[in-house]
Amino acid sequence: MHAIDRPKVMAASPDDLPDLVGLAVAYEWDSPAAAWLVPDVHSRPGVLMAWYAIQAEQALRHGYVDMTRDRRAAAFWLDRSRPHRLPGNHLRRVTATCGRYAMVLLDYEQLLVRHQPATGHLRLVTLAGDP
């Protein structure tokens with residue numbers, strides 16, 4: 001029996017943001033959740049690029065972002081073991097970059113917040129991989 005080669009995992013940095021966002025969008029763009037959040041298939045890639053850029057930046061600031069060294073997979077985590085606030089420009093940024101889909105994305109974000117555990121935890125924001 002052969003051992004399985006497991007990809008090496010590293011902590012991502014802000015320099016990795018384009019790769020992180022690209023991975024998330026490539027993995028999620030045709031998922032049922034993405035189709036529900038952004039039904040227009042032509043608008044979806046651009047809206048998801050903006051949304052995942054915001055999510056990845058949040059995770060880099062207030063959590064953890066793991067990425068394989070070959071840049072084929074990533075996980076964004078928000079650290080909910082300590083309080084943190086969204087940046088003051090969050091609403092404005094989502095509205096400006098996600099256009100007519102901003103409200104549904106913000107509602108989705110609030111839905112997740114309302115249903116998170118009361119105790120400290122790490123929340124997986126997205127898990128994306130290139131098969």
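What you see is a predicted model; the values in this text were computed from it and never measured.
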Quick check: is [Y] connected to [X] through a chain of hydrophobic side chains (ILVMFWY, heavy atoms under 4.5 Å apart)?
X: Val41; Y: Val38; value: yes
X: Trp36; Y: Val94; value: yes
X: Leu127; Y: Val25; value: no
X: Val65; Y: Trp77; value: no

**Asked** After noting the C-alpha distance and the side-chain angles of Asp79 and Tyr64, does the key distance pass the side chain to side chain contact (heavy atoms under 4.5 Å, CB included) rule?
**Response** CA-CA 7 Å; Asp79 186 349; Tyr64 308 92; 3.7 Å; yes

Rounded distance (nearest 0.5 Å) linking atom [atom1] of [X] with atom [atom2] of [Y]:
X: Asp66; Y: Leu124; atom1: CG; atom2: CG; answer: 10.0 Å
X: Leu23; Y: Asp19; atom1: CG; atom2: CG; answer: 7.0 Å
X: Glu57; Y: Arg93; atom1: CD; atom2: CZ; answer: 4.0 Å
X: Thr97; Y: Arg92; atom1: OG1; atom2: CZ; answer: 12.0 Å
X: Arg80; Y: Leu122; atom1: CZ; atom2: CG; answer: 10.5 Å

For residues 112-121, tabulate all N or O donor-acceptor pairs below 3.5 Å that involve a side-chain atom, not counting sequence neighbours.
| from | atom 1 | to | atom 2 | distance (Å) |
| --- | --- | --- | --- | --- |
| His121 | ND1 | Thr119 | O | 2.9 |

**Item:** Test log, rule side chain to side chain contact (heavy atoms under 4.5 Å, CB included), inputs Gln58 and Val125
**Value:** CA-CA 10 Å; Gln58 283 292 327; Val125 176; over 6 Å; no

**Request:** Apply the test side chain to side chain contact (heavy atoms under 4.5 Å, CB included) to residues Asp16 and Met67: give CA-CA distance (whole Å), side-chain angles for both, the deciding distance (0.1 Å), then the verdict.
**Result:** CA-CA 9 Å; Asp16 298 312; Met67 181 181 222; 4.2 Å; yes

**Heavy-atom side-chain contact between Arg71 and Met10 under 4.5 Å** =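 Yes; the side chains approach each other to less than 4.5 Å.
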
**Message:** Any heavy-atom pair between the side chains of Leu106 and Glu109 that's under 4.5 Å?
**Reply:**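 When only atoms from C-beta onward are counted, Leu106 and Glu109 do touch, with a gap below 4.5 Å.
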
**Request:** Could you walk me through whether Leu60 and Phe76 pass side chain to side chain contact (heavy atoms under 4.5 Å, CB included), step by step?
**Result:** CA-CA 8 Å; Leu60 286 165; Phe76 308 178; over 6 Å; no

